[in-house]
Amino acid sequence: MSGLNAAQQEAVDTLSGPLLVLAGAGTGKTRVITFRIAKLIKHGVPRHKILGVTFTNKAANEMKERLTGLIGGSIGTKNKYKKKAEQSENEPTISTFHSLCVRILRRRIEKLGYPLKFAIYNRGDQESLARQILREIRVPDKALKPNQLLFHISNWKCKSLNAKQAMMQSESDAQHLAAVGFERYQKQLKLRGAVDFDDLLLLTEQLFREHPDVRQEEADRFDHLLVDEYQDTNTSQYRIVKALAGEHRNLCVVGDDDQSIYAWRGAEVEHILAFAKDWPDAKVVRLEENYRSTEAIIKYANTLIRFNSTRHDKVLVAARPGGELPIINQWEDETQEAEEVVRSISNRLNLHGREPRDFAILFRTNEQPRPFETALREAKLPYILVGGMSFFDRKEVKDVLAYLRLLDEPDEVSILRIINTPPRGIGKKSIENLLDRTVREKVPMWDMVCGYAERPKVTARVKQGLDQLAAAVNEVRSVAGNHSLVDQARMLIDKIDYKSEIDRIYSEPDDRESRWSVVEQVVNALADYEQSRKKPTMTNFLDRLLLGDQDANSDKEKQLKKNAIALMTMHAAKGLEFPEVYIVGLEEGILPHQRSLEDDEAGVPEERRLCYVGVTRAEERLTMSMSLTRKKWGKARETIPSRFLYELTDQADNPNYAKCSKR
DNA sequence: GACTCGAGTCCCGCC
DNA sequence: GACTCGAGTC
């Protein structure tokens, strides 16, 4: 193993016992983790006994790639004729916290009274549940809206509070109402055999707490645990880590307090500072030399982050002297901004021998990438849009996934979503009656749809509609054993005639085609998934899709992934690096985000750290831009340059700076 | 019950 | 600008 400096080497060589690596951006944190894994394997630790935890799937995939390069050919027995599915069973596990928890819960969650095939509710599912609850407890529309309820619930869950504790802490009327809703929300989830994203962590924690045998079993699976981006762990994640590593104590965590950007979901920097207290024999290694970026870029980053008053004073030292001065551009509007960025990339591609994969366009919010997508498509450049729930927000995706869930394990939200899609003559009143009975008598809704359980009084038309739906789903289910998952999905989509539904709703041929292609994307993803696994299951497919796992993504994206310009938020970019980075939309209200300004003293420093993360993604070339006007909700509005632009360039004395930072 | 139309709302970030 | 919801009509 070569190319490591003394501190990195020390971290890599510490093969056992607790280890804390405190490191700035670009100092080779991930490198330490991957090299350490490689070394563990070389020293005879079985691959499957190693668990690496990252925060995003993108980071997990990056790590897997690096790891394959490092250990793929030389260590262990890798047989290229073996199927990919079999091979992957003897690899180190690299996963996000959420995927890890899903795996654990799928094995033992029945101990907490949930079915093993529980559904995972995403944002849309949560919203419809929240809406229903507010209706049930008769909350007037203005007192508490569904997403306000969800906002409170998520906040409480991130702090590991239950409904009772939330109730005690509530001060305002709205909070009180939300706490009532919270209790009901949890009950409803359990009744439906569903969990939300926050539950994945909380229930795992609870499972470990209440069932020591399960904790033991899960802890025994691994002998070594490595956690990247440790500064972003919340209380639950912290406890899960402790529960898993308590015995073997081979725990390596890596983090940087300047890159803590997840306070809003309960991350606490204190964990990283308390590490040495919790693990008294922990070894601490510091990395301060930045290998990623040129001196010119590091200078900007250092200047910026110094504006945060409460932080560990450290200065990144650039190992790459000189470099091109970062560029700051100002454009007329967001369309021009996008066009100019794409023009610049296109020039660099032609003249400087760059590949598309060398570029990243980073933004603050998910509404920003649209003009960039348009411009990139026009320029015929390959790009990949990372993250953004937009794919799942599409009606067709929601519908198809709801149907797939019916094939697996019917849950209420899915049933309600498609009970009258395509229209089967089942109207609001009939649905209400069904719901009423489920809530009051706890009759599973699917049983009523199928007629296994007595249905509430229904008209002949409604009866026919329910029978139709039940027949379509059950016919496919009854032959499931003889057919692949893809065939099942195709059969069902065929039986319900979803294509005609699309043609019925949309008259434009273009619309029809693009809507239908979304359906095909889901089916293709299922086909890909099925081919790459030894034991594919629908549950697992839906999990992976929801959790954003790479191989659940569509085939098109897969091609692009090989060599494409990356479009992503700065949050998603954490832990990654690119030779050339464009940070766009540097305007007050976007970065820092409006919400952080309203909020309090904590808001802006976190936005500043986010900007710092963005800047330090760049290896050689950094371009920042803003536009003078930006459309919001259809109207163009004038913008104010981000305070961070002044800070980066050390212009705190500029009168304009005072203006924007004092707003 | 299905469909059309206009009013009102809209989300930061991630898994 | 895009999407959802509710009122009103067939």
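Values below: every heavy atom of this structure, side chains too, minus hydrogens, waters and symmetry copies.
In this structure, the aromatic ring of W264(A) is positioned over the six-membered ring of the base of dG13(B), centres within 5.5 Å and planes within 30°. A stacking contact between H98(A) and dC15(B) is absent: the pair does not combine a ring-centre distance of less than 5.5 Å to the base's six-membered ring with planes differing by less than 30°.
Taking atom C1' in both dC3(C) and dC14(B), the straight-line distance is 23 Å, to the nearest Å. Distance noted for atom P between dG6(C) and dC11(B): 16 Å (whole Å).
Between K574(A) and the phosphate of dG13(B), there is no side-chain N or O to OP1/OP2 separation shorter than 4.0 Å. Look at N122(A) and you won't find any side-chain N or O under 4.0 angstrom from OP1 or OP2 of dC14(B). Between N234(A) and dC14(B) there is no side-chain polar atom (N or O) within less than 4.0 angstrom of OP1 or OP2.
Nearest to the side-chain atoms of T96(A) among the listed nucleotides dC12(B), dG1(B), dC15(B) stands dC15(B).
Residue order along DNA chain C, read from the 5' end via each residue's closest nucleotide, puts K631(A) first among K398(A) and K631(A).
With hydrogens and angles left out, the side chain of R265(A) and the base of dC14(B) share a donor-acceptor pair within 3.5 Å.
Figure legend: cation-pi geometry between R265(A) and Y262(A), with NZ or CZ positioned under 6.0 Å from the six-membered ring centre and within 45° of its axis.
Of the N and O atoms on the side chains of Y185(A) and Q126(A), at least one donor lies less than 3.5 Å from an acceptor on the other residue.
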